[in-house]
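Have a look at the structure below before the remarks.
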Amino acid sequence: MTGTRSRTAARSSSARAATRLGRAFFDRPTVRVARELLGARLRVRVGRTVREARIVETEAYLRDDPASHAFRGPTRRNRSMFGSPGTMYVFRIHRVVCANLVTRVGEAVLLRAGAIVGSDPASGSGPGRLCRALGITIADDGADAVRGSRVAVRRRAGPRPRIRVSRRIGIRRAADRPLRFYLAGDRAVSHPHVA
DNA sequence: GAAAAGATTACCT
DNA sequence: GGTAATCTTTTCC
């Protein structure tokens with residue numbers, strides 16, 4: 001039994017390493033990363049358990065983008081956005097937190113919604129709800145999703161999904177830019193009707 | 001120092 | 001569809 005479990009663990013560890021998205025994935029143009037994160041799995045270790053969501057909705061925040069928290073350069077709050085590709089930028093808004101994955105310096109992808117695996121899929125509909133469902137907190141700000149032990153992103157499995165594009169949700173500045181991406185028809189998408 | 005603004009959500013009518 | 005909740009960071013005097 002022990003031997004079997006050990007062998008199984010070794011194999012799944014190797015498979016996990018093979019499917020985990022690396023630095024190079026995030027070190028690419030932000031819009032491309034935002035699109036390719038759709039369908040990927042976001043895994044968060046919470047104590048002894050692992051929570052997982054299939055990402056269904058993202059938004060890109062660019063360097064030359066008045067809506068981005070990094071627009072005016074590094075501050076104490078946004079310093080994670082200037083970290084390595086794959087760094088988590090988590091910020092607080094009202095009573096919730098929202099999570100981003102950093103791409104290139106000063107740019108990031110906001111994780112707007114995910115279908116929670118093994119639970120109510122719609123409980124991750126919305127950036128604050130996604131973080132709450134996965135157990136992401138402000139303490140995860142600055143964490144490394146590439147090499148870190150708490151958060152990891154796994155490559156999308158399966159065929160290329162059908163992606164829809166719209167303006168971003170809930171912002172005032174640069175509101176017309178088509179920088180929101182989501183899976184067509186997915187129940188966990190937070191604002192299905194925004195064009 | 002004080003005040004305003006928010007990449008939101010839940011609950012109201 | 002509108003609005004209150006809630007609190008940190010940023011910005012302005």
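Letters go in sequence order (proteins before strands), and every chain restarts at 1.
Within the 4.0 Å cut-off from OP1 or OP2 of C:dT9, not a single side-chain nitrogen or oxygen of A:R77 is found. An OP1 or OP2 oxygen of B:dT8 is reached within less than 4.0 angstrom by no side-chain nitrogen or oxygen of A:R92. Here A:T75 reaches the OP1 or OP2 of C:dT10: one of its side-chain N or O atoms lies under 4.0 Å away. Contact between the side-chain N/O atoms of A:R172 and the OP1/OP2 oxygens of B:dA7 is not found at any separation under 4.0 Å. Considering only side-chain N and O atoms, A:R132 lies under 4.0 angstrom from the phosphate OP1 or OP2 of B:dA10. For C:dA5, the OP1/OP2 oxygens have no side-chain nitrogen or oxygen of A:H94 closer than 4.0 Å.
Using modelled atom types and a 3.5 Å distance limit, the side chains of A:R155 and A:T19 yield no donor-acceptor pair.
Looking at the side chain of A:R76, the nearest of the listed nucleotides B:dT9, C:dT11, C:dT10 is C:dT10. Nearest to the side-chain atoms of A:R129 among the listed nucleotides B:dA10, B:dA7, B:dT8 stands B:dA10.
For the pair A:I138 CD1 and C:dT8 C1', the interatomic distance rounds to 9 Å; values are reported in whole Å. Rounded to an integer number of Å, the gap from A:E57 CD to B:dA7 C1' is 11 Å. Distance A:L130 CG to B:dT9 P: 10 Å, rounded to the nearest Å. Nucleotide C:dT10 holds its C1' atom 10 Å from the CZ atom of A:R72, rounded to whole Å. Atom pair A:F181:CZ and B:dA7:P shows a separation of 18 Å (rounding to whole Å applied). When the P atom of C:dT9 is taken as reference, atom CE of A:M81 falls 17 Å away, rounded to whole Å. Whole-Å rounding puts the A:N78 CG to B:dG6 C1' distance at 14 Å. Rounded to whole Å, atom P of B:dT9 lies 12 Å from atom CZ of A:R95.
Checked against A:E36 for a side chain to side chain donor-acceptor pair (under 3.5 Å), the options A:R28, A:R156, A:R160 give a single hit: A:R28. A:E57 pairs in a salt bridge (Lys or Arg N to Asp or Glu O under 4.0 Å) with only one of the listed residues (A:R35, A:R187, A:R112, A:R168), which is A:R112.
A stacked arrangement is not assigned to A:F91 and the six-membered base ring of B:dA7, the conditions of a centre distance below 5.5 Å and an interplanar angle below 30° not being jointly met.
Interatomic distance, A:M88 CE to A:L111 CG, rounded to the nearest 0.5 Å: 7.0 Å.
Surrounding CZ of A:R164 are at most 12 heavy atoms belonging to other residues, nucleotides or ligands under 6.0 Å away.
With a cut-off of 3.5 Å on both pairing distances, B:dA7 has no Watson-Crick or G-U wobble partner at all. The pairing partner recorded for C:dT6 is none, the criterion being a Watson-Crick or G-U wobble arrangement whose two distances lie under 3.5 angstrom.
Between the P atoms of B:dA2 and C:dT6, the separation comes to 22 Å (whole Å).
Contacts of A:R180 with the nucleic acid, taken as non-hydrogen atoms under 4.0 Å apart, are absent.
You'll find the side chain of A:M81 stays beyond 4.5 Å of the side chain of A:N100, heavy atoms only.
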